[in-house]
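Notes to accompany the following structure.
Letters A, B, ... mirror the listed sequences (proteins, then strands); counts begin at 1.
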Amino acid sequence: MEYNFAEIEPRWQKYWEKNKTFKTPDDFSKPKYYILDMFPYPSGAGLHVGHPEGYTATDIMSRYKRMKGFNVLHPMGYDAFGLPAEQYAMQTGTHPAVTTNRNCDNFRRQIKAIGLSYDWDREINTTDQHYFKWTQWIFKQLYNTWFDKENQKGRPISELPIPEEIKGDGEKAINEYISEKRLAYYDNAQVWWCDSCKTVCANEEVLTDGSHEKCGNQVVRKNLKQWLLRIPHYAERLLQGLNGLDWPAGVIDMQKNWIGKSTGAEIDFQVEGLNKNLRVYTTRPDTLFGATYMVIAPEHELAEEITIPEKKTEVEKYIKAAALKSDLDRTDLAKEKTGVFSGRYAINPVNNQPIPIWIADYVLMGYGTGAIMAVPAHDTRDFEFAKEFDIPVVCILDPKEVDERKNILAGDKCWTEDGEYINSASEETGLNINGLNKEAGIKKTIEWLEERGLGTATVNFKMRDWLFSRQRYWGEPFPVIHWEDGEVSLLDDEDLPLLLPDLEKYSPGESGESPLANAEEWLHVTDKNGRKGRRETNTMPQWAGSCWYYLRYIDPNNNERIFDPEKEKYWMPVDLYIGGAEHAVLHLLYSRFWHKVLFDLGIVSTDEPFQKLFNQGMILAFAYETSTGAKVSSDLVEERDGKYFHTETGDELKQIVAKMSKSLKNVVNPDDVIERYGADSLRLYEMFMGPLDERKPWAENGVKGVFNFLNRAHRFFADTNNIFEGEEDKEVAKLLHQTIQKVANDIENLKFNTAISALMVFNNLAIKKGKVTKQTAETFAKILSPVAPHLGEELWSIYGNKETLAYEPWPEVDESLLQEDSFEYPVSFNGKMRFKIEIPVDMPQPEIEKVVLSDPKAQKWLEGKTVRKFIFVPKKIINVVVG
RNA sequence: GCCCGGGUGGCGGAAUUGGUAGACGCGCUGGAUUCAAAAUCCAGUUCUGGCAACAGAGUGCGGGUUCGAUUCCCGCCCCGGGUACCA
């Protein structure tokens, strides 16, 4: 009997589709399990083998959980706004919606061919007006929310208390005050501009070398009116929320770093000869006695005022150069420190000593107060600067027992760790922290500063406002009108969705305006009083649609509201979310932010959206390079005796592992794999390659391996001559139940590679035995079905079952079959395994010792030696120490 | 520089709380079947020595703890990812 996957698989896919096997009811009586994939951007290139990796993993879990009695929500959709369709439109004039729909159709076809058990009635598409209506609606919620810092909670703007002094200044002042509190605001912002894509990019989309993540071109700074979201208001909540999540530690770390919380103090320094204070932020107020100079950023508002006349020219030149520098590639120039002395001094509050104020671009205006006190002895950046400009280095923290102590005390070396304070007392001001350690020193200094009103304990975050608009056509339009009198208003809910206008031409304006600025009819509006207005021409970034899609799956066709709250309460949170690690920060942080706002407004019932997160590793491919490191396209490589040669030059090549790429001709298309080996083989191989979270190279021979397994399994289990009614062989029964248990455990722990291995082991034994009972065969079909669902269903039906096995209960493990009455112990002598011995599990230890030591095989190792120790670990090992 | 991962046969990878290193699969070798091949089946396959029984070595490197270390501790090396003057 042949394993005709090309006939079997489409037949079952049709069956599932026709019977709506995986349609998920909102049956609140059952325990729920929500399994989510990161939905794809439907590119024109179609699916690559990386997509099915995550999708298969979630599919296995979904199928397993259904058999375990869960009501499983497992949906799929498309994150379909995006640049490529728009660029294609610019070149060809094809409407992006046409391209997008075509690509979605192709993705759907490809995904269905893998046999994934999605509820297709819940499919969503971010470009569908019924979907983005609600994206626009959420934007309105953000706009109409302020963050109550005291209660750490977002609240409706209507609840914002307006201070009396603002009220007195009239309506305009009130509106301005409110604007400053909204989570979404419109402002002039210096932004990164990609001239090649004709769009702004968020800071996060600009790589460290100053290039645009999407296209690789260098970005430049530009000032534009933009929408921004005040995500930093939620910094503390976003940080705290990480604590209860079952997420990879690496992702949690990355989010923590991104949020970048630091605690310290803001301290005021009096500027000598000016009636002004200079406020600095420091995490190390304890090192005030070591402050030998101060630095303010070139953009600091006091930079010019502070500068004495004699230094004016020099300082102005420096500030100009620094401004220019920020237009260039700042990171490259960051290696050597530059700066200029303002000629002015500030008074150190702890000892009333004057210290010089410098202007230098190693201090950033955007963080803290844009000014620092510099402690070169205990901060590496300040140390470098001080050495560059010959500024004194005063050590105030004795590192004690450290090799470099002498150099550190002399100020020749920087010390940033803990120690004991020296030179840290002033009779004049009364502060003395000598002898304390870092922790106590920080505490005491802050108390001292606060008592005198010189400073306050402060918390700072690295995270910045989120730039939330793009100069694009193919995105969600903002439901916003800018009126001629300067008022900004949002559309009423009943006027949503605001659709995109059709355009003749999709190219952006040279000035950086979105293509929407050309849609004259759409653009201009007049209200009932004849006031003229202009619609917002920016559109939302691609993140917008993906920020909340997991919520829409819950109730995707609801036209009355975003979703039914009862359904939301039942299904949320997402129990398992699998996707690529590239979304560790941005998507997952933005989503969490929106979710928390919706939670505060009472729209969703959970504080966090994704309970468990897992990142699948990237699938790579073998590639080849010459001895000089030049990559060679795979079609120019031949293998001989396990070595690789260039077909043209004959040079020996080295096999390496690299990302799949068109230029290397090593891209694998899932369609081809399915055509040659079937969907079950594709699924199995993707899971069998190695641990889900690791990166691993694709190897065609590996596919053959799992194909072979399915073939063998089919040949044996589909042949009813091998199936009998009666009592199962003991060895088979025992292994079967071990396998049930192992497969279940491994699936729960996302260790699909070893689950498949266990199925192979059982298959091998069954074939060796030549026959199994019908019950065993049915059980095998069941435990095989999560990983190879087509073959599972096929076998199940061959045994005479009329219904799908997708909802058959997962087989129970018969514990009694797993009990051993004896165990084969490995016997070691001095830790080295020498032989094995079968011992009944109930034998008492003294007898075991006797049996082992008198065993003929043991004599060789005991000869002329004394037994020093006899180690016996039940069901593990016996180790005899001799000497 | 800093923060995370990861280094195990020819290859992908297994190995509960420290307890038989190399499961499973690929590849390779030999055999069966075949006119022959493909497919299939059987046996072997960490390395070194030996016909073999067997012995020695072995989880990136160097130390340590332990009866026993891929697993724990200390010090390094290499690879991958993130981040980069955040005071």
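Residues Phe780(A) and Phe762(A) place their aromatic rings such that the two centres sit under 6.0 Å apart. Ring-centre distance between Trp698(A) and Tyr685(A): below the 6.0 Å cut-off.
In this entry rG80(B) has rC4(B) as its Watson-Crick or G-U wobble partner, both defining distances falling under 3.5 Å. For rG56(B), the paired nucleotide is rC47(B), the pair qualifying as Watson-Crick or G-U wobble because both relevant distances are below 3.5 Å. In this structure, rG30(B) forms a base pair with rC42(B), meeting either the Watson-Crick or the G-U wobble geometry with both donor-acceptor distances under 3.5 Å. Taking a pair to require two hydrogen-bonding distances under 3.5 Å in either a Watson-Crick or a G-U wobble arrangement, rU20(B) remains unpaired.
Using C1' as the reference atom, rU45(B) and rG22(B) are 12 Å apart when rounded to the nearest Å. rG31(B) and rG19(B) have their P atoms separated by 42 Å, with the value rounded to a whole Å. rU70(B) and rC78(B): their P atoms are spaced 24 Å apart (whole Å). On the P atoms, rU71(B) is 14 Å away from rU8(B), given to the nearest whole Å. Straight-line distance between the C1' atoms of rG68(B) and rG60(B): roughly 23 Å, to the nearest whole Å. The separation of rC77(B) from rC26(B), taken at their P atoms, amounts to 40 Å, rounded to a whole angstrom. Between rC61(B) and rG10(B), the distance separating the two C1' atoms is 23 Å to the nearest Å. To the nearest whole angstrom, the two P atoms, one in rU17(B) and one in rG27(B), are 33 Å apart.
For Ile871(A), whose side chain is taken as the heavy atoms from C-beta onward, the closest listed nucleotide among rA14(B), rA23(B), rG19(B) is rG19(B). Side-chain proximity of Asn879(A) to the nucleotides rC24(B), rG19(B), rG81(B) is greatest for rG19(B). Side-chain atoms of Ile877(A) lie closest to rG19(B) of the nucleotides rC24(B), rG19(B), rA87(B). The Val363(A) side chain lies nearest to rA87(B) when the options are rC85(B), rA87(B), rC41(B). In the set rU83(B), rA14(B), rU40(B), rU83(B) carries the atom at the smallest distance from any side-chain atom of Trp258(A). Ranking rC41(B), rG25(B), rA57(B) by closeness to the Met760(A) side chain, first place goes to rG25(B). When the nucleotides rG13(B), rG80(B), rA87(B) are ranked by their closest atom to the side chain of Leu364(A), rA87(B) comes out on top. Looking at the side chain of Pro691(A), the nearest of the listed nucleotides rG25(B), rU20(B), rG13(B) is rG13(B).
Per the geometry, NZ belonging to Lys876(A) stands 19 Å off P belonging to rG68(B), to the nearest Å. In this structure, the CG atom of Leu692(A) is 12 Å from the P atom of rA14(B), given to the nearest Å. Distance, Leu620(A) CG to rC11(B) P: 17 Å, rounded to whole Å. Across the protein-nucleic acid pair, Phe461(A) atom CZ and rA87(B) atom P stand 12 Å apart, rounded to whole Å. If you measure from atom OH of Tyr367(A) to atom C1' of rA84(B), you get 14 Å, rounded to the nearest angstrom. We find that CD1 of Ile848(A) is positioned 19 Å from P of rG19(B), with the value rounded to whole Å. One atom, CD of Gln255(A), and another, P of rG82(B), lie 15 Å apart when rounded to the nearest Å. Whole-Å rounding puts the Phe622(A) CZ to rG10(B) C1' distance at 12 Å.
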Next on the checklist: Run the side-chain hydrogen bond (donor to acceptor under 3.5 Å, both in side chains) test on Thr338(A) and Tyr362(A) for me, step by step, so that the C-alpha distance in whole Å, both residues' side-chain angles and the decisive distance to 0.1 Å come before the verdict.
Outcome noted: CA-CA 8 Å; Thr338(A) 59; Tyr362(A) 82 92; over 6 Å; no
Checklist entry - Could you walk me through whether Val668(A) and Met660(A) pass the side chain to side chain contact (heavy atoms under 4.5 Å, CB included) check? => result CA-CA 8 Å; Val668(A) 181; Met660(A) 289 186 182; 3.6 Å; yes
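With its glycosidic angle more than 90° from 0, rG22(B) adopts the anti conformation.
Across the interface with RNA chain B, nearest-nucleotide mapping of Gln655(A) and Trp861(A) shows Gln655(A) to be the residue nearer the 5′ end. Remark on RNA chain B: of its neighbouring residues Pro697(A) and Gly831(A), the 5'-side contact belongs to Pro697(A), judged by nearest-heavy-atom nucleotide.
Heavy atoms of Gly250(A) sit under 4.0 angstrom from primed sugar atoms or phosphate atoms, though from no base atom. Contact annotation for Ser262(A): backbone-only contact, meaning every heavy-atom pair under 4.0 Å involves sugar-phosphate atoms and none involves a base. Counting non-hydrogen atoms under 4.0 angstrom, Asn764(A) reaches the backbone sugars and phosphates but no base. Nucleic acid contact for Asn708(A): sugar-phosphate only, since backbone atoms but no base atoms lie under 4.0 Å from a heavy atom of the residue. Within 4.0 Å of Lys751(A), counting heavy atoms only, lie sugar-phosphate atoms of the nucleic acid but no base atom. When heavy atoms are screened at a 4.0 angstrom cut-off, Lys696(A) is found touching the sugar-phosphate backbone but no base atom. Residue contacts for Arg868(A): at a heavy-atom cut-off of 4.0 Å it reaches no nucleic acid atom on any strand shown. Within 4.0 Å of Val761(A), counting heavy atoms only, lie sugar-phosphate atoms of the nucleic acid but no base atom. Using a 4.0 Å heavy-atom distance criterion, Pro248(A) is classed as making no nucleic acid contact. Among the atoms of the strands shown, none is found under 4.0 Å from any heavy atom of Asn460(A). Using a 4.0 Å heavy-atom criterion, one finds that Trp247(A) contacts no nucleic acid atom at all.
The aromatic rings of Tyr677(A) and Phe707(A) stand perpendicular to each other, their planes meeting at an angle above 60°, with 30° marking the opposite boundary. Using cut-offs of 30° and 60° for the angle between ring planes, the Trp358(A) and Tyr293(A) rings count as perpendicular.
Tyr318(A) and Ser342(A) are not linked by any side-chain donor-acceptor pair at a separation below 3.5 angstrom, with hydrogens and angles left out of the test. No side-chain donor from either of Glu266(A) and Tyr281(A) sits under 3.5 Å from a side-chain acceptor of the other. A donor-acceptor contact closer than 3.5 angstrom links the side chains of Thr754(A) and Asp746(A).
Residue Arg834(A) places no side-chain N or O under 4.0 Å from the OP1 or OP2 atom of rG68(B). Listed pair Arg712(A) / rC41(B) meets the phosphate criterion, a side-chain N or O lying under 4.0 Å from OP1 or OP2.
Judged by atom type and distance alone, Lys256(A) does not reach the base of rC3(B) through any side-chain donor-acceptor pair under 3.5 Å.
Under a cutoff of 6.0 Å and an axis angle of 45°, Lys337(A) and Phe385(A) do not form a cation-pi pair.
Within residues 698-705 of chain A, the residues that place at least one heavy atom under 4.0 Å from RNA chain B are, in residue-number order, Asn701(A), Gly705(A).
Shown here is Met365(A), whose CE atom has more than 12 heavy atoms of other residues, nucleotides or ligands within 6.0 Å.
Under the 3.5 Å distance criterion, the side-chain polar atoms of Thr866(A) are left unmatched by any main-chain donor or acceptor of Arg868(A).
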